[in-house]
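Below you'll find the structure, written out as structure tokens, and then a few comments.
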Amino acid sequence: MNSSNLFSALRAAFPQDLDATAVFATAPDGAPLNYSWRDLDRASACIANLLASLDLPASSRIAVQVEKSVEAMLLYLAVLRAGHVFLPLNTAYQKAEIEYFIGNAEPAVVVCSPENFGWVSKIAFQAGTKSVFTLGTERDGSLLERAAHCSDVHAPVARGRDDMAAILYTSGTTGRSKGAMLTHGNLLSNALVLKDYWGWQADDVLIHALPIYHAHGLFVGVHGALINGSPMVWFNKFNPRAAIAAFPRATVFMGVPTLYVRMLAEPALTRQAAAHMRLFISGSAPLLVDTFAAWQERTGHTILERYGMSETVMLCSNPYRADARYQGQSERRGGTVGFPLPGTGLRVVDDAGAVLPAGEIGHIQVRGPSVFKGYWRMPEKTAQEFAEGGWFKTGDVGQQDARGYVTIVGRSKDLIISGGFNVYPAEIESFINELPGVAESAVVGVPHADFGEVGVAVVVPRAGARPDAAAIVARLRDTLAHFKVPRRCFVADALPRNTMGKVQKNLLREQYRDLFLKA
Ligand code: AMP
């Protein structure tokens, strides 16, 4: 029978009543637009049949750069169903980037927004793509027009655990972006572990407000709801007021830290507004301890922070309930990403690859069923990123304390080496964030003739506050070893962030690159 196709596992979890609502969405005019489980099944079957009619070789790449919509999710399900490989692309990508991705992945099919058809199809056809379809946010575009003529019955194509289901291009702030190959087995095993670890319940309803070109919204969000047969309240774009207004009819929310910050700015966020919710989950970027505490105070809920990456799906999570593997601890600790998930191995090693004892900071390596197959068409890069024994080098620096909690200190490429000493930006940032008038900060390393690198701090004030940059540096000098103290500090209105809420330290490094080089 048909084996390990992820779609079959998701389909098997649909509730018995296929006429029940699976997705509560909103039409462009603001009217409710609901999709039943039967709708998900039939519409994804139509699209899968359209793909089948193209007679593509198995595991063809289907590259998709469209605005978020329920139909875009249906396209994802259809690609799985048809046995092909889903390749989502951030909607922010421009021509040169799309050229690279299409040239590198050689997709058989490209689906783009109707307004981008002209330039995207040109790139695609030049690269040998067979078909280019369009998909808009109002159920418009050629994909659905063509799919409407196809049968709404489709048997999922047999796929093995090790067959590719998706390629996610890493955000790649240094060098070329790499395509992480994720298999049906990677994705299904992670979805099942999270279902159990986060205690998904029969009456759960997920608020889905994240983009679906990224692992967070696509795999953690969509799989999380579907594998539990739980409906989603669906937002194509995040709006803090609308999200809070949805709390009374939902139970689970997943967000990147900036979404929490934006909801905290809304007076409507109260204990009462959040009373029906069961679980708030955060990830993709570090959640400030301040945000964690403010959320607790305002709503009475303790955000559960977890950690993962495109190459591995989810790796660590704070506990939802007592974790027997870690002395029955159930505390969700702000500033940490909790414990390695069941089945995930995690170790912290030094520069030479030797395993470090608890509490020491080093490079985080992981292995387990959710760790990807490798980088698409980059066998050498793939080999470099795995240590002996199948340990994947995450590129994150952190520690695991004696109780088992893992803390991420930063990306190894963000590490500052000043005069031969390692400086971990997150440590300095956490000191700066405690200072009066500071909302948040970022510390980056910039070239320096004597020290190799020195730190530069960029500080964002709290509303109404005017922290003094020189005074911040002076305070740090009293608190920290001198090699750790940033040489300069700048006050800025905001930190540059990408759409997943990650601070773009590469942009800050670029901005301040010449600070100490020019006389
Ligand atoms: P991506 O592949 O875009 O999902 O980015 C993965 C990276 O995001 C990880 O390697 C971490 O550096 C970072 N990240 C994800 N979750 C967290 C978290 N909870 N705390 C700190 N960093 C995180």
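One-based numbering, in listed order, for ligands and for the atoms of each.
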(message) Between Lys381 and Glu311, does any side-chain N to carboxylate O distance fall below 4.0 Å?
(response) no

(message) Heavy atoms only, cut-off 4.0 Å: how does His216 contact ligand 1, side chain, backbone, both, or neither?
(response) neither

(request) Closest by any non-hydrogen atom to atom 15 (C) of ligand 1: pick that one out of Ala215, Gly308, Ser310, Gly283. (result) Gly308

(message) Tell me the nearest of Lys502, Arg411, Met309, Glu311 to atom 8 (O) of ligand 1, using heavy-atom distances.
(response) Lys502

(request) Using non-hydrogen atoms of the residue, decide whether Met500 is closer than 4.0 angstrom to ligand 1. (result) no

(request) Mark the output for Asp396 as yes if a heavy-atom distance to ligand 1 is under 4.0 Å, and as no if none is. (result) yes

(message) Below 3.5 Å, N or O to N or O, backbone or side chain included: is there any such pair between His214 and ligand 1?
(response) yes

Any donor-acceptor N or O pair under 3.5 Å, side chains [X], [Y]:
X: Arg159; Y: Ser59; value: yes
X: Ser44; Y: Arg81; value: yes
X: Tyr405; Y: Asn318; value: no

(message) Within the 4.0 Å heavy-atom shell around Arg306, which atoms of ligand 1 are there?
(response) 16 (N), 18 (C), 19 (N)

(request) Taking the side chain as every heavy atom from C-beta outward, state whether Trp295 and Met263 have any pair of such atoms under 4.5 Å apart. (result) yes

